[in-house]
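Below: the structure, in structure tokens.
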Amino acid sequence: MSRRAPLEMGPEEFRRLGKGLVDKIADWLAEMPEGPVTPAEEPATVRALIDKERPLPETGEDAGALLEEAAGLLFGHSLFNGHPRFYGYITSSAAPIGALADMLAAAVNPNVGSYKLGPMATEVEGQTVRWIAELLGYPADAGGVLVSGGNMANFLGFLAGRTAMLGQEVREEGLPSGARVYASEATHTWIHNAADLFGSGLGSISWIPVDGDGRMRMDALGEAVDADRAADRTPFMVIGAAGAVGTGAVDPLAEIADLCEREGLWFHVDGAYGGFAACVPGADGRLDALGRADSVAVDPHKWLYAPLEAGCALVKDPAHLVGAFSYRPDYYNFEAEALSYYEWGMQNSRGFRALKVWLCLRQAGRAGYERMIGDDIRLAERLYAAAAAHPEVEAGTRHLSIATFRVVPEGVDKTADAEYLDDLNREVLDRLERGGEAFVSNAVVDGVYWLRACIVNFRTDEADVDYLPEQCAAVGRQVHAERRP
Ligand SMILES: *Cc1c(COP(=O)(O)O)cnc(C)c1O
């Protein structure tokens with residue numbers, strides 16, 4: 001049989017199509033910052049472009065034409081989180097070297113589940129994890145593994161800590177009733193998923209209130225642990241935020257570490273957003289205690305600017321990762337002379353997402369990250385100051401690179417017109433998005449609706465943030481004129 005598979009591509013064809021695609025991406029990278037952040041099209045418009053009624057193609061199509069079409073669809077109909085005026089949620093601009101890395105990783109396609117199936121890739125991932133630990137001030141001999149994102153990284157820390165604290169019986173018999181975990185009410189929804197999916201139930205979470213700055217209240221945490229012990233429940237973990245998802249507030253990590261040591265509890269830090277700010281001196285001194293956590297989740301696809309997807313779980317004692325996840329089936333011939341990552345997490349086959357992170361770390365270096373992350377923080381401070389200085393804008397909060405603010409048109413009373421203001425700012429956000437000029441998201445703090453800009457974007461500069469308060473105020477003025485003529 002002389003076989004020419006429908007998916008095979010000869011070296012010459014690959015070279016031609018690949019170079020053509022890289023040229024298109026380079027052109028798009030050059031033009032993208034000048035155009036809109038998003039075309040803000042209706043879902044029906046976008047769906048119509050790929051002809052939703054079309055059945056699965058029976059026969060194949062020409063690869064060159066397909067790549068051309070796919071590039072056109074994406075360049076013409078996507079939201080660009082790499083645009084300098086994208087400030088939404090926590091999604092960074094993606095380093096171009098990461099795109100090239102993903103192509104290289106996919107071409108070689110090592111399976112980084114086992115050392116044998118991806119020897120060089122496993123070593124690169126190991127070094128990536130050690131460098132991430134170093135950047136955070138976390139022990140470099142910690143166990144760590146790259147995962148799809150912050151949710152997964154937090155799950156790994158949660159499960160490693162749960163088994164470490166409650167014992168291997170958990171894996172045989174399930175959880176004892178009364179197991180309790182402590183998290184501030186500002187915690188990201190991964191904790192809901194973790195409690196729910198891993199069988200302890202939402203009732204196992206003890207929600208700790210936050211103070212006026214959005215940080216976990218230590219008095220309330222201490223009382224909650226005491227009350228649970230008195231009621232014969234089993235506290236096992238406290239979760240601290242190194243940058244809460246809404247406002248970016250950093251919990252008092254050193255105090256939480258003290259309490260966990262005193263009480264014999266696992267200390268997990270969710271640093272998916274703010275963890276990497278630990279490499280910037282003076283960003284927030286609370287981050288200095290990151291190294292005291294038993295486990296930390298960080299997100300290279302946020303503040304390391306790696307393209308999606310890349311999260312990282314770090315566990316101080318690697319034995320706790322193996323302790324939570326390892327099974328050795330008889331169909332594997334992966335003796336433990338070298339690390340095989342399938343034993344360290346929930347995935348079996350694993351892609352080489354480490355390559356893009358490794359190359360980003362090398363291209364920028366520690367100093368490069370200190371500068372980029374530091375600049376993002378300084379821009380958020382500048383935005384906060386510009387918002388505070390604007391007569392029709394109220395500044396709310398600023399932690400790390402997240403600033404919140406809202407439009408308060410002249411003559412509107414913040415107390416009497418509270419609901420009106422919330423609605424007005426909701427409309428400002430929607431109109432900004434539809435206009436495609438800038439993209440912000442929102443935060444609700446103490447029941448008040450704020451516009452929220454999160455700068456994890458190495459393309460944003462001073463002009464981009466200086467423009468934002470007046471742009472929001474102008475839209476707000478217009479909405480106000482329509483609603484209260
Ligand atoms: C983004 C984020 C998560 C979830 O991370 P994903 O990468 O979206 O899965 C969890 N916690 C915090 C604090 C976050 O900012």
Side-chain angles (χ1 to χ4, degrees), residues 13-41 45-46 49-50 63-107 300-310 355-365 367-369 371-376 378-379 382-383 401 432-440 453-468 471:
E13 189 185 7
F14 186 84
R15 194 186 318 278
R16 185 170 51 81
L17 299 185
K19 285 184 173 174
L21 180 62
V22 166
D23 281 344
K24 275 198 221 336
I25 296 172
D27 290 344
W28 168 77
L29 275 173
E31 292 157 9
M32 179 271 290
E34 308 305 323
V37 181
T38 165
E41 294 164 313
T45 312
V46 183
L49 287 165
I50 60 161
L66 287 173
L67 287 170
E68 183 106 13
E69 181 189 332
L73 287 172
L74 287 167
F75 295 155
H77 309 278
S78 294
L79 172 136
F80 302 133
N81 46 39
H83 192 285
R85 290 184 180 180
F86 177 81
Y87 313 93
Y89 305 101
I90 307 171
T91 306
S92 67
S93 44
I97 198 171
L100 297 173
D102 265 354
M103 183 159 119
L104 177 58
H301 69 207
K302 288 179 175 169
W303 237 342
L304 291 189
Y305 316 97
L308 295 161
E309 302 166 341
L355 184 62
K356 59 192 168 194
V357 183
W358 189 71
L359 288 173
C360 284
L361 285 165
R362 292 190 63 176
Q363 192 194 354
Y369 274 108
R371 192 171 96 213
M372 290 187 289
I373 296 173
D375 283 347
D376 284 346
R378 283 183 284 280
L379 286 169
R382 185 178 173 113
L383 173 57
S401 71
L432 270 184
E433 188 177 322
R434 282 200 300 273
E437 254 192 82
F439 189 105
V440 299
C454 172
I455 303 173
V456 283
N457 190 336
F458 56 78
R459 296 204 178 96
T460 304
D461 67 15
E462 282 95 341
D464 296 310
V465 304
D466 291 349
Y467 131 107
L468 195 56
Q471 174 71 12

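Bear in mind the structure is a predicted one, so any value in this text is a computation, not a measurement.
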Completion exercise
salt bridge (charged side-chain N to carboxylate O under 4.0 Å, His left out) filter on Glu68, not counting sequence neighbours, yields Lys24
Practice task
Specify the closest pair of heavy atoms between Cys360 and Ile97, including all atoms of both residues, with the distance to one decimal.
Solution key: SG-CG2, 4.0 Å
Problem - Shortest non-hydrogen contact between Leu468 and Val440, atoms and distance - result: CD2-CG1, 4.0 Å
Handout entry: Pairwise side-chain contact, Leu49 with Leu73, heavy-atom cut-off 4.5 Å (strictly under)
Key = yes
Fill in the blank from the handout: Interatomic distance, CZ@Arg378 vs CG@Leu383, rounded to 0.5 Å, equals 15.0 Å
Handout entry: Any side-chain heavy-atom pair of Pro36 and Thr38 under 4.5 Å
Key = no
Exercise for the section: Determine, stepwise, if the pair Trp303 / Tyr369 fulfils side-chain contact (heavy atoms from CB on, under 4.5 Å). Expected result: CA-CA 9 Å; Trp303 237 342; Tyr369 274 108; over 6 Å; no
Fill in the blank from the handout: Shortest non-hydrogen pair, Arg382 vs Val465, comes out as CD-CG2, 3.9 Å
Exercise for the section: Identify the heavy atoms of Leu432 and Gln471 that sit nearest to each other, and give their distance. Expected result: CD2-CG, 3.6 Å
Exercise for the section: Check for a donor-acceptor pair, side chain of Lys19 on one end and backbone N or O of Phe14 on the other, with a separation under 3.5 Å. Expected result: no
Problem - Validation row: Arg371, Asp375 side chains within 4.5 angstrom (heavy atoms) - result: yes
Exercise for the section: Of all the heavy-atom pairs spanning Leu355 and Ala101, show the shortest one and how long it is. Expected result: CD2-O, 3.5 Å
Can you give the donor-acceptor pairs under 3.5 Å from side chains of residues 76-93 to other protein atoms, not counting sequence neighbours?
from  : atom 1 : to     : atom 2 : distance (Å)
His77 : ND1    : Glu41  : OE1    : 2.9
His77 : ND1    : Glu41  : OE2    : 3.0
Ser78 : OG     : Leu74  : O      : 2.7
His83 : ND1    : Arg85  : N      : 3.0
His83 : NE2    : Pro33  : O      : 3.2
His83 : NE2    : Gly35  : O      : 2.8
Arg85 : NE     : Asp464 : OD1    : 2.8
Arg85 : NH2    : Asp464 : OD1    : 3.4
Tyr87 : OH     : Asp464 : O      : 2.8
Ser92 : OG     : His301 : O      : 3.1
Ser92 : OG     : Lys302 : O      : 2.9
Ser93 : OG     : Asn457 : OD1    : 3.2
Ser93 : OG     : Phe458 : N      : 3.0

Completion exercise
When every non-hydrogen atom of Gly64 is compared with those of Leu17, the smallest separation belongs to CA-CD2, 3.5 Å
Fill in the blank from the handout: Here the gap from Glu437 atom CD to Tyr467 atom OH, rounded to the nearest 0.5 Å, amounts to 3.5 Å
Handout entry: Inter-residue atom distance Leu100.CG - Gln363.CD, 0.5 Å rounding
Key = 9.5 Å
Completion exercise
Ala94 meets the side chain to side chain contact (heavy atoms under 4.5 Å, CB included) criterion, sequence neighbours left out, with Pro307
